[in-house]
Colleague: 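Here it is, the structure in full.
Given the structure is predicted, the values throughout are model-derived calculations rather than measurements.
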Amino acid sequence: MAIRLRGNAGWPCAWCALVLGTAAAMVSPVVSAQEEPPPPPIIEADDSGIKWSFSGLMRLETAIHMTGQENIVNQRGNPFNGKPIARNSIPYGGDAAEGPPNVGSADIVVRNGEEGDNAFNLMQLRSQFDIDGAVTEHLRIFARVRGIYDFAPYDEYDPDSIGSQAVGNDYQEPEYFENRDFLHGGSTNPLEIAGRKFMIDMPALYVDYTSGPVLIRFGQQQIAWGQALFFRVLDLPNGLDLRRHLVLDYAPEEFADERIGSLGLRTTWQATQNWEVDAFVQRFLPTLYPNPNTPYNAIASQFTVRDQWNNEYNDKFNGGLRLRGNFGAWSAQFAVLRRYNPDGVYKWTKSKVARDLPAAPGSAALMAETAFEADPSGVQSAVEWFTYAGNARLDGLEGLNASITEFPAAGLLGALAVDNKDLAAAELDLFFQFSGGMRGHIAREYKRETNVGGGVGYVVSAAPGSLLDQLIINVEVMFTPDRNFTNTTLSREYIEDDEWIGALVMEKYQRFSQDFPATYLVFQWMHRTESDLFGRNLKGMGGTANKIAKGVDGGWNGLVFAMQQPSPSLTWRFDGAILYDTRGGILVQPALRWAPSTSFNVELFYNFINGNLHGDDNENIMQTLEYADELGIRAGFQF
């Protein structure tokens, strides 16, 4: 959720932290979603040299786990831990008695893993320090240093407890922040130092030069575009850092804390009284997802992700151009970006792990050429395989076939492509019996794309005090030709389709009582033709443990309603937000903010998530997040 205030000349936005993040701003009224949070006041330079100003904050952030359901993509949240599951494999060698024990016949497997029972989803201490300096009338320096420490009061995964030897830095003891290099950890951003429980970074370190109608900004910076920020239609220059609280933070804040700062050059030119030109070139940095076995992890930890950013993309750049115009009650904007999509796409890749199948000595060399690694932290039954395929919006049947047909070594080990779910389940159970568990290996790549879009806005004039008067209406549309999506089979051949994304946003301030300040109201509707709000292709929707994904037609549609009501003294503020997925999922976040002074405030909010209102399983975005019903508490001090 994001709520913003820009007045009649500004643009609407809505509740956005649910899906895409949080911001550092802690002041009231709320800061616009589309611009960086306001820096400390500029002090003009004089003969004595640079004039500096300083500010900062300290904040404790906690999310209390309010449901008995754990995050199923983590080892300790796996619903099959400790549960007997029947396996019925294809007969091996014609006689099960001649093969290894329990191979080629029905058996029962009990996944060796402790169940988690977490009292907290989040407990972090955050600090931030801003430095602003006026060098001359035309030159300004700004820097922001941010530090985060996670107390980690969670039921942590211990690979030794199940005898795991999984390869990769992120698949041993949980790493809450350090996560870039597959083997050794580290950080993507050169202005970040990350360890297991802490992160120190500089999201901003830039120089501004102004001369008349021109502003040039060079250095580490975030770039905020678009109006319908919750849905990120035009707000595409930067990826997001989702390691701290995924998409579930306090709704009245916005992306300033989530957009990844990167080295770049940006120029803004007020070309005429009505038109502004905004252009940038910036180093490409990918979206950062939570690590395996951390509270908000989003990718099943039975699979190993080999991120290719360090190998192929760490010297790439993005660029874009935007025109904005204001004409009384009307406004318009046009944008074009040439960028690497920071969310990435995923495919099966060679594991390169030369480890024998326990039931097939001498198979190590061939296993290294397949997409799998034999390890007890992997999948152990066909039921588990198809359950997690549905949860990830993938096709469990054709996903198995792609992992066989695209890797000849799998065929040399006896794997065959099959044409129905029953045969797939039998073959899977056979190899799980051979292996004692199979980890799939997938590569994350980034594809270059062109985004072309625009928007139109209108401020309604009606009878003073009426619901229509000063209603701000904004429409944004983005078109991406030949966009690449992760194939629902994880094939090396990505899905490639043209995608249209559009959003309607309506917002206004309405005074319902002379005793209270005006109430802020916002409504949004988004339509996406090929993917859901998390970027997953709609062809993978609807799979479960018992059926293969068939996909859905008609695109993805989401509705948002949000409101904000301050108290007469502005000491208290009530916020409410709802995100509704029309295929049967909802998130409701009531929130209360208490600010007894300009230096201290407390926010209390509840995330209620239901992914089973109606419709089929695994067809809406909220089903993915149902484990995260939580009570959030944040206490902060500004100086």
Colleague: Centroid separation under 6.0 Å, is that true for the rings of W525 and F561?
Modeller: no
Colleague: Let me see the working for F574 and F516 under ring pair (Phe, Tyr, Trp, His ring centres under 6.0 Å), right down to the final yes or no.
Modeller: CA-CA 12 Å; F574 171 76; F516 284 83; over 10 Å; no
Colleague: I'd like to know whether the aromatic ring centres of Y206 and F142 sit less than 6.0 Å apart in this structure.
Modeller: yes
Colleague: For H245 and E630, run side chain to side chain contact (heavy atoms under 4.5 Å, CB included): C-alpha distance rounded to whole Å, both residues' side-chain angles, the deciding distance at 0.1 Å, then the answer.
Modeller: CA-CA 12 Å; H245 201 177; E630 59 188 19; 2.8 Å; yes
Colleague: More than 12 non-hydrogen atoms from neighbouring residues, nucleotides or ligands closer than 6.0 Å to CD1 on I193, yes or no?
Modeller: no
Colleague: Can you list everything that forms a salt bridge (Lys or Arg N to Asp or Glu O under 4.0 Å) with D201? Sequence neighbours excluded, please.
Modeller: R146
Colleague: Are side-chain N/O atoms of N118 and E70 paired as donor and acceptor at under 3.5 Å?
Modeller: yes
Colleague: Just by distance, do the side chain of N557 and the backbone of H527 share a donor-acceptor pair under 3.5 Å?
Modeller: no
Colleague: Between R593 and D575, is there a side-chain N and carboxylate O pair less than 4.0 Å apart?
Modeller: no
Colleague: Is the ring centre of Y149 less than 6.0 Å from the ring centre of F151?
Modeller: yes
Colleague: Tell me whether Q270 contacts the main-chain N or O of W275 through its side chain, where contact means a donor paired with an acceptor under 3.5 Å.
Modeller: yes
Colleague: Compute the centroid of each ring, for F600 and then for F639, and state whether the two points are separated by less than 6.0 Å.
Modeller: no
Colleague: Would you say the ring centers of F605 and Y250 fall short of 6.0 Å from each other?
Modeller: yes
Colleague: Compute whether any side-chain donor of one residue and acceptor of the other, for Q510 and D469, lie under 3.5 angstrom apart.
Modeller: no
Colleague: Anything under 30° is parallel, anything over 60° is perpendicular, the rest tilted; go ahead and classify H138 against Y209.
Modeller: tilted
Colleague: Under 3.5 Å, is there a donor-acceptor pair between the Q222 and N238 side chains?
Modeller: no
Colleague: Report the C-alpha separation of Y296 and L122 in whole Å, then their side-chain angles, then the decisive distance to 0.1 Å, and conclude whether the side chain to side chain contact (heavy atoms under 4.5 Å, CB included) test is met.
Modeller: CA-CA 9 Å; Y296 299 102; L122 178 75; 3.9 Å; yes
Colleague: D150 and side chain to side chain donor-acceptor pair (under 3.5 Å): which partner among Q124, R126, R244, K197?
Modeller: Q124
Colleague: Suppose we screen for salt bridge (Lys or Arg N to Asp or Glu O under 4.0 Å). Which residues come up paired with D208, at least two apart in sequence or across chains?
Modeller: R140, R217
Colleague: Please enumerate all residues that pass salt bridge (Lys or Arg N to Asp or Glu O under 4.0 Å) together with R243, with sequence neighbours excluded.
Modeller: E192, D241
Colleague: Please examine the side chains of L57 and R59, heavy atoms only from C-beta on, and report whether any two atoms are closer than 4.5 Å.
Modeller: yes
Colleague: Mind checking whether N474 and Y458 have side chains closer than 4.5 Å, heavy atoms only?
Modeller: no
Colleague: Decide yes or no on salt bridge (Lys or Arg N to Asp or Glu O under 4.0 Å) for E175 and R196, but give the supporting numbers first.
Modeller: CA-CA 5 Å; E175 297 280 348; R196 193 174 94 84; 5.8 Å; no
Colleague: Measure from the side-chain N and O atoms of Q220 to the backbone N and O of L263, and report whether any donor-acceptor pair falls under 3.5 Å.
Modeller: yes
